[in-house]
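Accompanying notes for the structure given below.
For reference, positions follow the sequence shown, starting with 1. Given the structure is predicted, the values throughout are model-derived calculations rather than measurements.
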Amino acid sequence: MAVQGVYNDNLLLTPLPHRETYGFWLSPGAEFGGTTERLEVSGRAAADFVSYYGGQDSSFTNIHLPVTARYKTEKDQFAFTGGFVRDNTLMGELLTTGVVLQFTQRNQWNVYPSWSRNVTEKLSVQSSVQFVDTTYENGVRLSLVDYQLLGGTGGVSYQVTERDLVQVVGSYAGFRTTNAPSPFRANFPGLNVVLNHAFTETVSGSVYGGPRFVTTTSAVGGGSVTTHDTVWLFGANVAKKFDNGSVQATVARDIVPSGFGLLIQTDRASVSGSYKISERLTASLDTAGFITSSPTKSAIGASFPETRFVNITPKIGWQFMEWWKVELSYTFRWRDVDTFSDPATSNGTVLMLTYYPPKLTVSQ
């Protein structure tokens with residue numbers, strides 16, 4: 001159970017005149033899990049009862065119902081990840097895409113089954129399927145578009161050495177809007193090569209890259225417009241573990257769906273880390289920067305304006321009793337769009353008190 005108070009001087013990151021916003025969150029939740037010799041199942045049921053006052057008067061309820069399951073045999077592993085999430089666009093989409101949508105609630109179903117098999121001690125094959133269904137509350141009135149994403153991957157992994165792993169993965173994804181006045185469809189098959197390397201026991205990293213062949217079809221007037229583009233996606237990350245903390249840096253380019261009813265390209269750089277100051281005191285820092293644009297020459301008959309977004313969040317947490325923890329965080333956000341005359345900034349603070357009840361364990 002968590003209770004948090006929120007303050008933000010520009011919640012919607014608008015360059016227009018605005019007022020300060022105050023908020024109150026009540027967040028109950030429960031986690032569950034079970035294991036046998038071959039089967040592992042875990043999940044979570046949580047909710048956020050949120051009220052905002054001042055510049056953004058609104059009340060809403062978030063719901064989080066993720067589920068994970070894994071079944072292992074001597075050579076095969078079957079896995080499932082998915083569930084239902086009801087959140088708001090500022091929490092669910094802004095930190096994924098760097099794009100600010102109209103402030104409303106998003107409902108998303110996600111189904112992700114996968115299978116892998118060890119062919120030899122070093123060689124394995126993997127495949128997966130993903131289905132995403134996303135809807136927005138009052139979406140049509142707010143110019144937000146519901147969409148579906150269906151895709152799959154298949155590939156091989158080879159353990160070159162104890163420290164080096166190479167993967168070659170083929171992928172396909174199909175995107176379509178479901179309630180847009182002008183329907184939009186896209187598909188983007190591609191190929192990705194991944195190299196994972198363990199430099200030491202505490203330092204690891206990976207690099208990947210490959211092309212995506214993007215085809216989009218937009219309804220214009222009584223006909224349609226189709227575009228074909230090749231977009232190169234890439235990324236790299238490095239992680240370091242310390243005795244009392246860890247740090248990770250990532251750069252990546254990706255193509256993701258958006259509530260605008262089209263695909264967008266995100267170039268993202270982030271650095272995050274945490275440090276255990278003492279047995280009860282922990283500090284962390286999360287930073288991320290985005291450059292968001294259209295991956296295709298045209299989308300729904302118009303160009304998507306380039307967006308730049310920066311998010312910086314330092315946090316400190318104090319576990320003052322065995323089952324009680326208090327956290328204080330500050331967030332600075334900066335947003336600039338080609339259509340803005342001046343960038344928009346926001347400053348926010350969150351004070352959260354959390355109670356972690358003791359775990360209940362049953363064994364047979």
Side-chain angles (χ1 to χ4, degrees), residues 92-101 110 112 126-132 134 145 147-156 166-178 180 182-196 205-220 224-237 249-270 288-310 335-339:
E93 218 157 312
L94 174 61
L95 297 181
T96 301
T97 66
V99 175
V100 174
L101 303 182
N110 196 329
Y112 187 80
Q126 304 91 26
S127 65
S128 66
V129 176
Q130 183 178 29
F131 174 73
V132 178
T134 302
V145 176
Y147 65 84
Q148 292 181 343
L149 182 73
L150 177 63
T153 65
V156 296
V166 176
Q167 294 177 292
V168 180
V169 181
S171 65
Y172 173 84
F175 169 88
R176 72 181 186 97
T177 59
T178 57
S182 299
F184 176 80
R185 291 176 178 269
N187 62 76
F188 45 109
L191 183 69
N192 201 37
V193 179
V194 186
L195 172 61
N196 298 309
S206 66
V207 294
Y208 64 87
R212 296 295 186 276
F213 307 101
V214 184
T215 300
T216 67
T217 302
S218 307
V220 178
S224 62
V225 175
T226 299
T227 66
H228 302 276
D229 295 271
T230 299
V231 180
W232 286 87
L233 304 185
F234 55 85
N237 71 78
T250 303
V251 294
R253 169 174 288 179
D254 204 355
I255 296 176
V256 295
S258 168
F260 285 120
L262 68 156
L263 297 174
I264 59 176
Q265 176 181 295
T266 61
D267 293 300
R268 184 178 189 269
S270 64
F290 293 83
I291 298 177
T292 305
S293 57
S294 173
T296 60
K297 297 176 182 177
S298 63
I300 316 183
S303 298
F304 181 78
E306 185 175 278
T307 298
R308 295 159 292 280
F309 171 68
V310 175
R335 176 193 178 211
D336 190 24
V337 184
D338 283 348
T339 55

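A donor and an acceptor atom, one from each side chain of T216 and T227, are located under 3.5 Å apart.
P183 is not listed as a side-chain neighbour of R176, based on a closest heavy-atom distance of 4.5 Å or more. Residues N192 and L233 have side chains not in contact (no heavy-atom distance under 4.5 Å, counting atoms from C-beta outward).
Heavy-atom minimum distance, T339 versus P305: CG2-CB, 4.3 Å. For the residue pair L263 and A186, the shortest heavy atom distance occurs at CD1-CB, 3.5 Å. Among all heavy-atom pairs drawn from Y208 and A252, the shortest one is OH-CB, 3.4 Å. Considering every non-hydrogen atom in both F184 and L262, the closest pair reads CE2-CA, 3.6 Å. Across L149 and F175, no two heavy atoms sit closer than the pair CD1-CB, 3.9 Å. Residue R308 comes nearest to V337 through the heavy atom pair NH2-C, 3.9 Å, listed as atom of the first residue, atom of the second, then distance.
F188 meets the ring-ring contact (aromatic ring centres under 6.0 Å, His included) test with no other residue; sequence neighbours excluded. With sequence neighbours left out, the side chain to side chain donor-acceptor pair (under 3.5 Å) criterion links Q126 to S124, S157. Scanning for salt bridge (charged side-chain N to carboxylate O under 4.0 Å, His left out) contacts around D254 gives an empty result, with sequence neighbours left out. The side chain to side chain contact (heavy atoms under 4.5 Å, CB included) test applied to S128 returns Y112, S114, T153, not counting sequence neighbours. The side chain to side chain contact (heavy atoms under 4.5 Å, CB included) search around N187 returns Y172, P189, T215, not counting sequence neighbours. Judged as a salt bridge (charged side-chain N to carboxylate O under 4.0 Å, His left out), and not counting sequence neighbours, the contacts of R253 are D267.
The distance from the CG atom of D229 to the CZ atom of R212 is 14.5 Å, given to the nearest 0.5 Å. Atom CZ of F213 sits about 5.5 Å away from atom OG1 of T230, to the nearest 0.5 Å. To the nearest 0.5 Å, the span separating CD on Q265 from OG1 on T97 amounts to 13.0 Å.
Not a single donor-acceptor pair under 3.5 Å links the side chain of T266 to the backbone N or O of R268. The closest donor-acceptor contact from the side chain of S293 to the backbone of E306 lies at 3.5 Å or more, if one exists at all.
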Checklist line | Residues L95, F290; criterion side chain to side chain contact (heavy atoms under 4.5 Å, CB included); working and verdict | finding: CA-CA 9 Å; L95 297 181; F290 293 83; 5.7 Å; no

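For R185, the CZ atom counts as loosely surrounded, since its 6.0 Å shell holds 12 or fewer non-hydrogen atoms of other residues, nucleotides or ligands.
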